[in-house]
Amino acid sequence: FTFGRKIDNELLDKLEEILISADVGVETASSLIEDIKKAYESKTITDTSQLLDYLKNSLKKKLAFDTPNMLNTAPSPPTVILVVGVNGTGKTTSIAKIANYLLEQDKKVMLAASDTFRAAAIEQLTIWGQRLNINIIAHKSGADPAAVAFDAADSALAKKMDYLIVDTAGRLHTKVNLMKELSKISDVLGKKIPGAPHEVLIVLDATTGQNAIAQAKTFKEASKLTGIVLSKLDGTAKGGIVIAIKKCLDVPVKFIGIGEKMEDLEVFDPDKFIDALFT
Amino acid sequence: SLSERLQGIFRKLGARGKLTESNITEGLREVRVALLEADVNYKVVKDFIDKVTQRAVGQEVIRSITPSQQIIKIVSDELTALMGPVDHSIAFNANNAPTVFMMVGLQGSGKTTSCAKFAKYLMKKYNRRPLLVAADIQRPAAIEQLKVLGKQLDIPVFTKAGLQPPQICHESVKFAEQNMRDTIILDTAGRLHVNQELMDELRDIKRRAVPQHIFLVSDAMTGQDAVNSAKEFNSAMDITGVIMTKLDGDARGGAAMSIKAITGKPIKFTGVGEKIENFEEFHPDRMASRILG
Ligand SMILES: Nc1nc2c(ncn2[C@@H]2O[C@H](COP(=O)(O)OP(=O)(O)OP(=O)(O)O)[C@@H](O)[C@H]2O)c(=O)[nH]1
Ligand SMILES: Nc1nc2c(ncn2[C@@H]2O[C@H](COP(=O)(O)OP(=O)(O)OP(=O)(O)O)[C@@H](O)[C@H]2O)c(=O)[nH]1
Ligand SMILES: [Mg+2]
Ligand SMILES: [Mg+2]
């Protein structure tokens, strides 16, 4: 007769490999493996077939949060969403997607082109604004990003917008002056609209490795963070780094990006995400 | 740091002067963690540690340095050897045909910016007269982005409305010849290695433009997935080299080791900032110590 295989080290090694290959990270993977060993010793798990489900369920619990996937809403409109992150992660494209998501809920949305630095950044956001048929507030290239944000907040109030989404230039978290600039943009929004920015989303590229933790930590210090948009999950990367980020910084994933079109956005589903991690 | 951790381990083991098999295994376990934390691919790490273990066991003890220093030296030498040596020289066409360079890679890795940086590098180091080719017709304002960069360098940007990328790249050659440009740099749209149609398009561009050099532009902060995309781009295009971008951040850059190990193709250049002049030649020894941490 079979009771089911004993939990063997070879199986645990295989699980560790899956976790590390999913960018979960060595430390987080080790602690998850330790949890499994303890659960086995305390007879919470009694055979191998329960092991994977135990691990998945524990991960799903870690990623869930109490007001699942809800964007914060300002007590009175507009709700200001600030989008931040390092270079090339998908901020501008994600803004178009989130705007589309909100428009489908019959909300009035406006965008602010506060990336005044990168070549053709304003043009890129302007094209998205045209496709969405919504207003964009932009100054000339090279203008002060905080001034654009201030101007946009003013306009969003005057035009009675439900949401104002502010695009910022990609910036490496190691650049102190750029992080200061970001803090200033956030402060300026708050001066114009009480409580703004009500939502600060960091866009993380799903292909990013352990450096995502340093990114999230530093951006959180500069502008606070209320959520993550995990982009490019339509590739082969698993984005497991969000597990460690939730664990040590308590920032939840709110959306995932699964393509380059404005419809390619999904509200984060922890169950689906964890199941995909193990396939 | 790794050296501090190794010193701690060897002190605990009471290691004295001699590199034994057991303290090598213990030390390399720590190296394995360091490499994984640096985003080196799991399988690449396994193969590397196996290889280094064999080499370390056969090693004679160097009296003048501690066991932990010796392990680091062996690992660092092996890592540098894996990623190098790098030949930074560029082969240009000996005849009158323009030399064609092509940039490929995942979305947002830094291709468009690297086209401009590489153009400036060729202008400065080799006195070349580059033509930038805007073959990304799908990303909003991609052509405009390249035009802005071209203007900063005062070099022409070729674009042709109504044509698909392979045809645009094909026609850029005649345009270059007619306008005395001896070098062509093709900017392509970012794409996923698993998008069959877009990978076919890249093959099409290669067929129609016949580039002498194809660079995979790769983001230094990429994690375990680096080998998947690098492998596919290499098998589709037979890349000639890699440009690793955003090394001005604090990502350890283990992807560099993974990509070299899996494709065998050298990392030749690095992006070290957002400005056009932030472009450097790749040095394996510096990368090795950055990865080891
Ligand atoms: N496949 C895929 N591509 C994406 C996704 N999100 C964004 N992209 C692509 O990634 C590239 C970079 O997107 P951007 O929106 O310009 O990124 P960004 O963060 O605003 O870039 P910077 O402003 O330069 O820092 C573009 O080619 C996008 O089409 C996604 O979810 N999936
Ligand atoms: N800090 C830093 N930023 C870089 C570097 N190289 C590129 N970038 C930035 O990374 C972002 C993406 O660069 P792009 O050149 O638009 O990337 P791309 O690969 O052409 O993007 P797609 O065409 O959408 O695939 C921009 O914000 C660039 O300024 C670098 O070496 N360091
Ligand atoms: Mg942008
Ligand atoms: Mg580009």
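Just so we're on the same page: letters track the sequence lines, and every chain starts at 1. Remember, predicted model here, so these are calculated numbers, not experimental data.
Under the 3.5 Å distance criterion, with hydrogens and angles disregarded, no donor-acceptor pair is assigned to the side chains of A:Thr174 and B:Asp250. At a cut-off of 3.5 Å, with distance as the only test, no side-chain donor of B:Asp39 or A:Asn211 sits close to an acceptor on the other residue. B:Glu144 and A:Gln124 share no side-chain donor-acceptor pair at under 3.5 Å.
Applying the 6.0 Å contact sphere to NZ of A:Lys56 captures more than 12 heavy atoms from other residues, nucleotides or ligands. Residue A:Asn177 places its CG atom among more than 12 non-hydrogen atoms of other residues, nucleotides or ligands, all under 6.0 Å distant. Other residues, nucleotides and ligands contribute at most 12 non-hydrogen atoms within 6.0 Å of the NZ atom of B:Lys147.
Only the side chain of A:Thr89 comes within contact range of chain B, judged by heavy atoms closer than 4.5 Å. There is no contact between B:Lys46 and chain A, counting heavy-atom distances below 4.5 Å. Of the two parts of A:Glu27, neither the backbone nor the side chain holds a non-hydrogen atom closer than 4.5 Å to a non-hydrogen atom of chain B.
How far OG1 of A:Thr236 is from CD of B:Gln224: 11.5 Å, rounded to the nearest 0.5 Å. Put simply, CG on B:Asn41 and OG on A:Ser21 are 6.5 Å apart, with the number rounded to the nearest 0.5 Å. Note: A:Ile20 CD1 to B:Leu36 CG = 5.0 Å, rounded to the nearest 0.5 Å. The CD atom of B:Gln138 sits 4.5 Å away from the CD atom of A:Glu260 when rounded to the nearest 0.5 Å.
Taking B:Ser229, B:Ala255, B:Ala251 one by one and counting their heavy-atom pairs under 4.5 Å with chain A, the maximum is reached by B:Ala251. Across A:Thr126, A:Thr92, A:Ile241, A:Thr207, the residue that shares the most heavy-atom pairs under 4.5 angstrom with chain B is A:Thr207. Considering only heavy-atom pairs separated by less than 4.5 Å from chain A, the leading option among B:Pro140, B:Gly108, B:Ala141 is B:Pro140. Options A:Gly25, A:Gly209, A:Ala96 differ in how many heavy-atom pairs under 4.5 Å they form with chain B, and the most are formed by A:Gly209. By number of non-hydrogen pairs under 4.5 angstrom with chain A, the leading residue of B:His193, B:Glu274, B:Glu37 is B:Glu274. No other option in A:Gly235, A:Ala119, A:Ser30 has as many heavy-atom pairs under 4.5 Å with chain B as A:Ala119.
Residues B:Tyr42 and A:Asp13 share a closest heavy-atom pair of OH-O, 4.0 Å.
The pair B:Arg32-A:Glu16 meets the salt-bridge criterion, since a charged nitrogen lies less than 4.0 angstrom from a carboxylate oxygen. Between A:Lys175 and B:Asp248, at least one side-chain N (NZ, or NE/NH1/NH2) sits under 4.0 Å from a carboxylate O, which counts as a salt bridge.
Partner of B:Met221 under the side-chain contact (heavy atoms from CB on, under 4.5 Å) criterion, chosen from A:Asn87, A:Thr208, A:Leu172: A:Thr208.
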(request) Could you walk me through whether A:Glu123 and B:Gln145 pass side-chain contact (heavy atoms from CB on, under 4.5 Å), step by step? (result) CA-CA 9 Å; A:Glu123 285 82 347; B:Gln145 184 183 4; over 6 Å; no

